[in-house]
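Have a look at the structure below before the remarks.
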Amino acid sequence: MRISWSRLIPALSWPRPNTEMLRGEAMAGLTVGLMVIPQGVAYAALAGMPLVTGIYASMLPALFAVLFSASARLSVGPTALSALLIHASLIGMAEPGSAQWVELAVWLALLSGAMQMVLGFARFGWLLNVVNAPVLMAFTQAAAVLIIASQLPALLGLQGGWTQLSDWHGISAIYGVIALALLMGARRWRPTFPTVLVVVLAAAGVSWLSGFEGSGGKVVGELPQGLPELYLPGWPGWATMGQLVMPVLVITLVSFLETASSAKVDSERKNTRWDQDQDLIGQGVGKIVSGLSGAFPTSSSFSRSALNLYAGAQSGWATVFSVVVVLIALLTFTPVLRYVPQPVLAAIVVAAVVGLLKPSEFKRLWRISRVEALIAAVTFVVTILAAPALYWGVLAGVLMMLSLFLYQHLHPRIIEVGLHPDGSLRDRHLWNLPPLASHTYALRMDAPLDFAAASQFERTLVEYLADHRDTRHVYLFAQPINRIDATGAEVFTRLLRMLQGHGIALHISGLKLPAEKVLTAAGALTESPLLHLYRTEGEALAGLARPEAPVGD
């Protein structure tokens, strides 16, 4: 069998860049690279990791992820949501920033990366669809609230946290508030301008000149220079690994849903189908490389990916240039970061996630589906209340949505139809229409006839016949029934025998071939004077005047 290397490594199919393309890719890479450096440091702080690991996570993981991903224009690296999940997952298991904390974070990266790769190679990307848009929206907004709440003390100069309001450092608050105002304002003014880097450089310069650290302010401090070394974590024990199972599942799920939000936009712009399985593989490779670099789980950043597209990226070459920029910064720029006030890092995080707060989404969802809006609201509340165990929010939302899905399938829409003046068949009771004919029951079920819906279908028909004993004909308009399973075939056969036992004719219109094959195999469509099949609704309506028509007429 011939191996398609471009299928295994999508980077092999990247276009060969010309001079003009290289110029555009370099500009996009420079723009994103200058943004990801300070962001990576800020997100490392949010994750409780050594700050330099945020830069590590922006280099090799980003490069390997783009090499193996189908969506080559996504920016992979540290993200606020993943950083929050890491901190929430490990709190209580180790001291933030300690060697044990780093080791556990690396295990999160390795395990979640391996899980994504397995799902991708097995073509099981569809499993991630168990989290629908309302649950993800609610969880993301709750996480944004928690991220902002965690950063406000540092932003406002409360060096002892909310519990020690007397330990307030006014100069720190000035740094944080001004940095946040500049970042928020510049986002509207010029999105591609490297505002984050400029603010960081300016803050570092002012901090150094004014002696901010000497006055009691907290700064980034010394960062190690040089490339990351290979990190092989020690075995933490089965008990600890058991505690990591749920966090790994949530990080795998949420980080890939972050990827999906960006990848779908990228695919729409390229007018191509999104290959979710290949992106699972690429994201998994990125996480594993991040772990081996001594860093934490990475993900696709929606804001940086959007900036990458906005800056003119056409392929993965933009990420290559971005990694080069980060590499140069790691080798030469880290001494400058030493004087950056920590309130500025908090401002970077807050500015990045404040855009996730969209209360209007709940109002919009309420107009569309009140049940799903309530599920989203419960997901939001549970996520907030369960912090730091954020996975309870996702789990609650998924369980509620699956329960709603199951309830809807157990209670399919079954209506009695009547002939509307426009010639269509519609809900007889909703539109106040007369019966199709005397002694006739005409129904339509808008669902598959499977194990979930079969019982309700049987109950509806039996109860109607019990209340209308003069019924002589039953018309089943079966166009919406696209699938019948073994349970459905058994129920259908039982109902057919009951109808024939009472001398009631069954007329079936528009039965689709897959459903017809199942019923034929079950012996439910054998020729009978009391069974009539019609190809279309028109033939069935014509048959009202001649119910004695032979089977298949």
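Owing to the predicted nature of the structure, the values given are computational and were not obtained by experimental measurement.
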Distance in Å, I504 CD1 paired with L496 CG, rounded so as to fall on 0.5 Å steps: 11.0 Å
Worked verdict on I148 versus L357 for side chain to side chain contact (heavy atoms under 4.5 Å, CB included): CA-CA 10 Å; I148 293 174; L357 296 177; 3.6 Å; yes
Donor-acceptor contact present, side-chain D279 to main-chain A70, <3.5 Å: yes
K517 NZ: over 12 foreign heavy atoms closer than 6.0 Å: no
Beyond-backbone contact of N132 with E372, side-chain heavy atoms, under 4.5 angstrom: yes
Interatomic distance, L465 atom CG to D470 atom CG [nearest 0.5 angstrom]: 10.0 Å
Candidates S299, S71, S300, S255 - the one meeting side-chain hydrogen bond (donor to acceptor under 3.5 Å, both in side chains) with Q283: S300
Side chain to side chain contact (heavy atoms under 4.5 Å, CB included) evaluation trace for Y475 with V417: CA-CA 9 Å; Y475 275 76; V417 298; over 6 Å; no
Q141 (side chain) donor-acceptor with K358 (main chain) under 3.5 angstrom: yes
Donor-acceptor contact below 3.5 Å, side chain S305 vs main chain S75: yes
Minimal non-hydrogen separation, P448 against N482, with atom names: CG-OD1, 3.8 Å
V76 side chain near T319 side chain, heavy-atom distance below 4.5 Å: no
Gap separating the CG atom of L152 from the CD1 atom of I147, nearest 0.5 angstrom: 12.0 Å
Test item: side-chain donor near acceptor, H411 and Q456, under 3.5 Å: no
Beyond-backbone contact of I348 with L183, side-chain heavy atoms, under 4.5 angstrom: yes
CG on L257 to CZ on F139, rounded to 0.5 Å: 9.5 Å
Test item: D427 side-chain N/O and I415 main-chain N/O as donor-acceptor pair under 3.5 Å: no
Flag if over 12 foreign heavy atoms under 6.0 Å of CZ, F256: yes
Check: T440 side chain, S438 main-chain N or O, donor-acceptor pair, under 3.5 Å: yes
Shortest non-hydrogen contact from A57 toward T298: O-CG2, 3.6 Å
Validation row: I508, L531 side chains within 4.5 angstrom (heavy atoms): yes
Residue pair E258, F302: steps toward the side chain to side chain contact (heavy atoms under 4.5 Å, CB included) verdict: CA-CA 7 Å; E258 278 190 300; F302 185 82; over 6 Å; no
Rounded distance (nearest 0.5 Å) linking atom NZ of K287 with atom CE of M115: 11.5 Å
Ring geometry between F405 and H409 (parallel below 30°, tilted from 30 to 60°, perpendicular above 60°): tilted
From CG (L356) to CE (M137), nearest 0.5 Å: 12.0 Å
R497 CZ: over 12 foreign heavy atoms closer than 6.0 Å: no
Heavy-atom pair of closest approach, residues F477 and R444: O-CG, 3.3 Å
Any side-chain heavy-atom pair of L436 and H473 under 4.5 Å: no
Distance-minimising heavy-atom pair for I384 and A142: CD1-O, 3.5 Å
NE2/H420: more than 12 non-hydrogen atoms of other groups inside 6.0 Å: yes
Side-chain touch V474/L443, heavy atoms, less than 4.5 angstrom: yes
Exam field: side chain D277 to backbone G125, donor-acceptor pair closer than 3.5 Å: yes
Test item: L244 and L108 side chains (from C-beta on) under 4.5 Å apart, heavy atoms: yes
Closest non-hydrogen atom pair, I484 against A489: CG2-N, 3.5 Å
Inter- and intrachain pairs under ring pair (Phe, Tyr, Trp, His ring centres under 6.0 Å), touching residues 373-400, at least two apart: F362-F380
N/O donor-acceptor pair under 3.5 Å between S290 side chain and G286 backbone: no
L425 vs L541 side-chain heavy atoms within contact, under 4.5 Å: yes
Single hit among Q479, R535, E539, H532 for side-chain contact (heavy atoms from CB on, under 4.5 Å) with S509: Q479
Audit row: V462, L495, side chain to side chain contact (heavy atoms under 4.5 Å, CB included) steps and yes/no: CA-CA 8 Å; V462 170; L495 287 174; 4.1 Å; yes
Heavy-atom pair with the smallest gap, counting every atom of I251 and S89: CD1-OG, 4.4 Å
H87 side chain vs A83 backbone, donor-acceptor pair below 3.5 Å: no
